[in-house]
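The structure appears right after this line, and notes come after that.
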Number of protein chains: 4
Amino acid sequence: MSVAVYCFHAAVAVGYVATGATRARDLGIPFDGVPGELNAITDVRRVEVGHTTLIEGEGKLIVGQGPVRTGVTAILPLGKDKSTTPVPAAVFSFNGNGEMTGSEWVEESGFLEGPVLLTNTHSVGVVRDAVIEWGTSKFPSTGDFSLPVVAETWDGGLNDINGFHVKKEDVFRALDDAKSGTVAEGDVGGGTGMRAFGFKAGIGTASRVVEKNGSPFCVGVLVQANMGRRENLVVAGVPVGKEITDLQPVIHHDPEREGSIIVVIATDAPLLPNQLKRMAKRAALGVARTGAVSTNSSGDLFIAFSTAAPVFTDGREHWSTLKNDDLDPFLAAAVEATEEAIINSLVAAKTMRGVNDNTFFALPHDRLRDVLGKYHRLVGKEP
Amino acid sequence: MSVAVYCFHAAVAVGYVATGATRARDLGIPFDGVPGELNAITDVRRVEVGHTTLIEGEGKLIVGQGPVRTGVTAILPLGKDKSTTPVPAAVFSFNGNGEMTGSEWVEESGFLEGPVLLTNTHSVGVVRDAVIEWGTSKFPSTGDFSLPVVAETWDGGLNDINGFHVKKEDVFRALDDAKSGTVAEGDVGGGTGMRAFGFKAGIGTASRVVEKNGSPFCVGVLVQANMGRRENLVVAGVPVGKEITDLQPVIHHDPEREGSIIVVIATDAPLLPNQLKRMAKRAALGVARTGAVSTNSSGDLFIAFSTAAPVFTDGREHWSTLKNDDLDPFLAAAVEATEEAIINSLVAAKTMRGVNDNTFFALPHDRLRDVLGKYHRLVGKEP
Amino acid sequence: MSVAVYCFHAAVAVGYVATGATRARDLGIPFDGVPGELNAITDVRRVEVGHTTLIEGEGKLIVGQGPVRTGVTAILPLGKDKSTTPVPAAVFSFNGNGEMTGSEWVEESGFLEGPVLLTNTHSVGVVRDAVIEWGTSKFPSTGDFSLPVVAETWDGGLNDINGFHVKKEDVFRALDDAKSGTVAEGDVGGGTGMRAFGFKAGIGTASRVVEKNGSPFCVGVLVQANMGRRENLVVAGVPVGKEITDLQPVIHHDPEREGSIIVVIATDAPLLPNQLKRMAKRAALGVARTGAVSTNSSGDLFIAFSTAAPVFTDGREHWSTLKNDDLDPFLAAAVEATEEAIINSLVAAKTMRGVNDNTFFALPHDRLRDVLGKYHRLVGKEP
Amino acid sequence: MSVAVYCFHAAVAVGYVATGATRARDLGIPFDGVPGELNAITDVRRVEVGHTTLIEGEGKLIVGQGPVRTGVTAILPLGKDKSTTPVPAAVFSFNGNGEMTGSEWVEESGFLEGPVLLTNTHSVGVVRDAVIEWGTSKFPSTGDFSLPVVAETWDGGLNDINGFHVKKEDVFRALDDAKSGTVAEGDVGGGTGMRAFGFKAGIGTASRVVEKNGSPFCVGVLVQANMGRRENLVVAGVPVGKEITDLQPVIHHDPEREGSIIVVIATDAPLLPNQLKRMAKRAALGVARTGAVSTNSSGDLFIAFSTAAPVFTDGREHWSTLKNDDLDPFLAAAVEATEEAIINSLVAAKTMRGVNDNTFFALPHDRLRDVLGKYHRLVGKEP
């Protein structure tokens with residue numbers, strides 16, 4: 001029976017083998033905690049993820065023509081069928097040099113009323129209105145999509161960001177194609193043109209299994225990672241950024257800005273909005289474990305939601321929630337999965353050339369292993 | 001059977017007749033909404049209130065000797081017997097020129113774990129530690145009183161505030177004497193030396209009955225009012241402060257500072273902490289209806305709690321809460337009861353002479369009625 | 001010389017005579033404080049306002065075709081020429097059932113880096129991206145328009161809001177047409193399809209002159225008013241909503257939702273971002289003076305900015321700011337101008353018929369005067 | 001001339017040699033960034049620190065008699081002589097299971113108006129009122145000490161916390177004895193009875209030199225560290241807590257609670273309150289570098305202030321501040337100095353036996369070095 005396996009296997013994470021993609025854990029990088037089966041946000045049952053990846057053109061930047069290196073990622077808390085069911089949620093801004101539309105209403109109401117979308121900085125608007133259009137056409141009589149949640153990071157180093165290449169159809173596609181199961185990482189969806197610590201990065205995901213009062217729960221994280229300076233990069237406590245100092249980005253003509261990170265945390269644990277806010281804050285600690293210091297120009301915006309929505313009967317919302325005293329393993333899981341998702345985004349991304357032949361290099365797997373080995377931090381597993 | 005009558009009678013508020021005290025409503029002042037039986041925070045069942053009032057000495061201020069015009073007010077959400085049961089709660093600072101200890105933990109946890117105490121600005125510390133001592137001696141094996149909630153306003157215009165006259169025994173007394181039923185208003189407890197709009201003020205209370213989905217709920221408010229300039233005073237929309245311009249405070253030697261207002265909102269409606277925060281914010285709108293503009297020196301700090309604590313069984317907290325869509329009458333009730341509680345504090349207070357013969361005059365009932373009559377805002381009822 | 005007269009004449013507000021429009025003050029409604037020459041946000045020197053008003057079609061709603069009753073309003077803190085100069089700013093959400101993009105960065109940085117735009121709920125995205133396009137094309141080498149501020153209220157009662165009729169060209173027009181001087185009120189720009197207290201409403205503006213330490217300063221407010229229930233409407237303390245109970249909206253087929261209010265506060269007083277946050281919060285008190293209680297469905301989002309940007313020389317930002325102790329008249333001015341701007345939006349708006357012949361009626365001037373007269377609250381001035 | 005050398009020498013930190021105490025850096029532990037001369041908060045010129053340490057009795061806990069293991073630490077931003085000059089400041093609560101009195105007014109006003117005091121959880125009140133008494137007696141005609149800042153962590157594992165052993169005279173002593181220069185660490189002042197990661201801990205301090213636009217600035221941090229689980233302890237990226245699993249606390253009778261951390265950040269860089277808030281938030285990232293995940297029961301409260309107060313002339317506050325774009329090295333410095341201060345608190349503390357012979361062991365220096373050596377993370381310097 002397939003429904004039972006989510007967030008279940010722990011010691012052996014087999015799910016992502018199917019993708020053929022190498023992940024941080026495959027390289028022998030140690031992380032705290034126990035991952036779910038897919039080690040992905042989709043280990044939280046019902047969560048669906050869809051990507052629209054836009055890669056077109058090469059060479060000189062001509063605004064409006066390209067090159068295009070961008071996209072859209074959609075996360076649906078309860079899947080497409082239950083898009084209109086609000087889920088308990090909370091947001092937190094650690095450094096607000098970024099945009100997350102809809103955040104005021106999540107903060108006020110304690111609910112997320114629809115999907116979370118990720119894209120580039122200059123396409124937040126088109127994505128936002130497209131979510132409304134998608135919602136009102138799919139669910140004309142129910143739900144309320146008027147204040148959608150759309151977050152962004154800046155991909156102008158590789159992408160013709162002022163060309164506004166994301167169109168509403170790209171948004172519909174990311175939403176319609178969203179599915180459970182394995183999540184593509186690296187240069188996909190909203191993460192297509194992103195980079196972190198001077199390497200190519202993008203989308204990353206991870207999960208943790210938490211046992212509480214005899215029940216297993218799942219915490220899943222998805223990041224769009226676009227932040228950090230090379231010298232600060234830390235992997236599993238090892239100062240990788242100080243050891244790998246070459247393979248610096250090639251940037252022509254364009255001012256490089258430091259970027260941002262969006263963290264989306266999902267859990268099936270029954271938690272109140274104010275408890276989810278506490279989880280959302282822990283994303284900052286996961287970011288810290290990768291060495292980033294959340295610079296002035298970084299938009300470090302986090303959202304956490306629970307798929308355990310209250311049951312509405314007899315005029316009341318019925319909640320059966322964990323106590324604050326039970327939260328510690330969930331807080332730890334949020335920290336750990338955020339850390340691993342960021343490293344996954346670096347491990348998955350490939351070297352990319354974009355506008356004006358600007359180039360961001362992939363973090364080389366062999367050298368990463370060498371550095372971790374030097375610091376006695378490789379686990380035995382071979383990739 | 002007496003337990004059933006709380007927050008029940010509406011049209012005729014008979015409870016306060018017993019006290020012999022005149023209240024705003026007795027003077028024919030119109031307010032929106034329907035009050036509970038006592039028109040007091042104690043209409044919310046189980047809430048208990050206790051006052052320790054300290055009035056000693058006259059004449060010249062001698063620091064440490066007096067004159068003393070101060071006190072302590074204690075509000076126990078579930079009464080003395082259930083002092084160790086946390087209740088859902090939230091805080092809001094509209095203008096933070098004041099102190100409310102314990103507010104960080106209420107904000108973080110979503111619970112109030114003990115009583116709320118009100119006193120003067122310079123006695124917050126002794127009151128805070130005394131609550132811990134009271135709690136650990138009364139309930140040695142249960143409960144957690146380490147972060148008590150104590151708020152303050154400034155009574156240095158009438159009271160020897162630097163004499164630190166509140167002692168821990170005064171705190172114990174306010175807690176031990178707390179009871180349900182009628183609440184004394186005006187120059188009592190923490191409100192003893194307070195003034196508002198250039199008149200003598202202090203403690204005030206009021207309540208509202210809210211019907212929702214066929215069930216009656218109660219919203220009760222208690223204020224310690226010490227804010228506002230004469231010219232701004234508005235009663236039931238009428239510019240009373242512009243009409244009664246005499247009876248200004250007599251202040252010798254001492255700089256007059258503008259003050260603050262603490263608002264405590266209680267309800268038996270089952271609400272989540274984030275919903276209670278929304279109620280706490282509405283206190284600002286109630287304050288606005290009295291004409292105050294929340295000046296720089298005003299500490300306008302609000303706390304709201306629900307006596308409908310979740311039930312803990314099977315390792316979960318079980319909540320049956322109202323929806324956000326149901327909140328509107330509760331938000332309105334919080335606004336209305338805050339407004340009326342402030343006016344009640346003015347109506348109840350008597351002229352007081354304190355340090356250095358400084359004097360704050362009572363708001364004269366007959367002239368208040370005259371002014372409201374001039375603006376066609378008196379209801380038929382005679383005092 | 002005309003540049004010197006802004007926020008200067010006080011006793012006689014002559015500016016708006018030129019427009020031929022009647023304003024609240026012309027009807028003899030009393031307000032606290034002294035208005036500037038135009039009694040408008042543009043009394044704050046350099047502030048420019050532009051409206052694009054979209055009114056097309058009649059009768060039955062056909063999504064995508066109309067009828068159209070919407071628009072865009074642009075507020076440029078330093079005018080078009082200085083659109084790239086950041087100004088000190090702060091935001092405040094009193095009830096977050098609404099959208100204000102860019103607010104995280106204003107909160108984090110303390111600056112507003114471009115214009116503020118107002119529109120309908122479902123057009124926030126197109127307006128946001130259009131501001132970026134406008135900025136990057138007009139000021140290709142300077143400024144940063146990546147996180148524009150766009151706020152909204154809901155006009156779906158009159159407008160084909162799911163038809164997405166606002167186009168980027170409409171945004172460019174509002175920005176390009178922005179000017180100082182008189183500001184059109186009522187059914188214009190973002191306010192075109194809005195209503196408040198069951199009457200037609202929309203854009204309103206007002207200002208106050210503040211003297212501090214011998215210098216005159218100006219506080220200007222512009223609102224997009226779309227909130228409140230009829231029974232709660234209060235004008236100058238008078239319960240107008242309880243006196244005028246007819247002229248209720250005619251709504252066919254469509255669920256009516258309660259709405260929101262956006263308040264934009266401008267000042268030329270030199271203030272720090274944290275001081276501007278204190279002003280932004282006071283908008284809530286101005287709203288309260290009109291009787292609204294900020295219901296669950298209301299997006300009550302406020303932004304305040306100062307045109308007195310710091311001077312950047314020698315690697316430092318040089319500020320010469322007022323002290324916190326000086327703030328009181330500015331806080332009062334923010335309250336007063338917000339109140340008057342809301343009433344102005346009601347007085348200026350005309351009866352409008354929109355989708356499915358839904359109709360919102362204008363607040364009738366003569367009856368408003370009659371009610372105020374009954375409560376002895378009319379000043380002598382004749383309209 | 002000695003006054004000029006603060007925060008000046010960098011490569012060789014000689015100041016603490018004088019104390020004879022071993023610090024983290026002496027053990028060869030690597031940290032990012034360049035420390036000031038004393039590697040202490042007092043590298044920020046004018047900052048003074050005073051400790052009152054209370055250690056009395058042994059053996060069985062008798063409430064009110066002891067054993068006593070507690071104290072008070074005072075940090076004076078501008079020294080005793082300028083105690084009445086407000087300095088720009090900001091607070092941040094990462095996990096609010098703790099108390100920091102006065103925080104609402106710091107948040108609202110942007111200023112810290114007096115010293116910062118640290119003590120145990122149950123003595124916050126007496127310390128708070130004592131600061132007011134100290135201030136009003138020392139500076140009767142100036143300053144405003146009505147809302148002092150006092151923060152706490154829990155020392156009930158070693159100290160008779162319900163015995164309320166801190167007296168007002170202890171507070172006066174910490175304030176009167178405060179001085180610049182070397183700062184005692186470990187089992188002193190408010191840190192006397194504290195522990196972290198299952199080892200004895202307490203007070204720790206560190207500093208960083210930041211060059212910006214050719215000028216040197218200083219960032220100093222002082223922590224009262226009382227948080228974290230053994231298994232999470234990380235030093236310089238190395239999982240020390242997983243390597244040293246013995247030397248666990250000996251706890252008799254008493255429930256162990258997890259604790260908290262207070263971080264005080266000082267800088268001489270001219271920054272606005274909202275910029276200081278950004279620095280305060282970075283303390284969370286420094287905490288994260290030590291492996292802590294900020295558990296439910298942790299009160300992680302941070303305050304940052306600048307000694308570069310604005311100059312008040314001609315009715316204005318004159319500020320010459322750094323730009324947001326200049327902040328990055330200051331943000332990094334706050335992270336780095338927080339991390340090092342925490343490790344310093346562990347390295348400085350000695351094994352302590354307290355109530356009921358409960359015992360917390362010192363982190364053994366030799367074994368710490370061994371573990372770091374194993375992970376290739378020791379720098380050459382010998383202790």
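Chain A is the first sequence line, chain B the second, and so forth, proteins listed ahead of strands; every chain is numbered from 1. Reckoned from all heavy atoms, side chains included, excluding hydrogens, waters and symmetry mates.
Interatomic distance, CG of B:N274 versus CD of A:Q275, reported as 11.0 Å (0.5 Å rounding). Residue B:S109 holds its OG atom at 10.0 Å from CG of A:D325, rounded to the nearest 0.5 Å.
Interface residue B:L322: backbone and side-chain heavy atoms are both found under 4.5 Å from chain A. Of the two parts of B:D314, neither the backbone nor the side chain holds a non-hydrogen atom closer than 4.5 Å to a non-hydrogen atom of chain A. There is no contact between A:P310 and chain B, counting heavy-atom distances below 4.5 Å. The contact between B:E108 and chain A is made by backbone and side chain atoms together, counting heavy-atom distances below 4.5 Å.
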- Task: Under the side chain to side chain contact (heavy atoms under 4.5 Å, CB included) rule, what do B:W319 and A:H318 come out as? Steps first, then yes or no, please.
- Result: CA-CA 6 Å; B:W319 307 71; A:H318 300 279; over 6 Å; no

- Item | Steps toward side chain to side chain contact (heavy atoms under 4.5 Å, CB included) verdict (A:R316, B:T321) | CA-CA 5 Å; A:R316 297 289 175 90; B:T321 57; over 6 Å; no

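With a 6.0 Å radius and a threshold of 12 heavy atoms from other residues, nucleotides or ligands, B:K80 has its NZ atom above the threshold. Around NZ of A:K212, the count of heavy atoms belonging to other residues, nucleotides or ligands within 6.0 Å exceeds 12.
Shown here for B:L272 and A:P273, the closest heavy-atom pair between the two residues is CD1-CD, 4.3 Å.
Of the residues considered (B:K323, B:E317, B:K277), B:E317 shows the highest number of contacts with chain A, using heavy-atom pairs under 4.5 Å.
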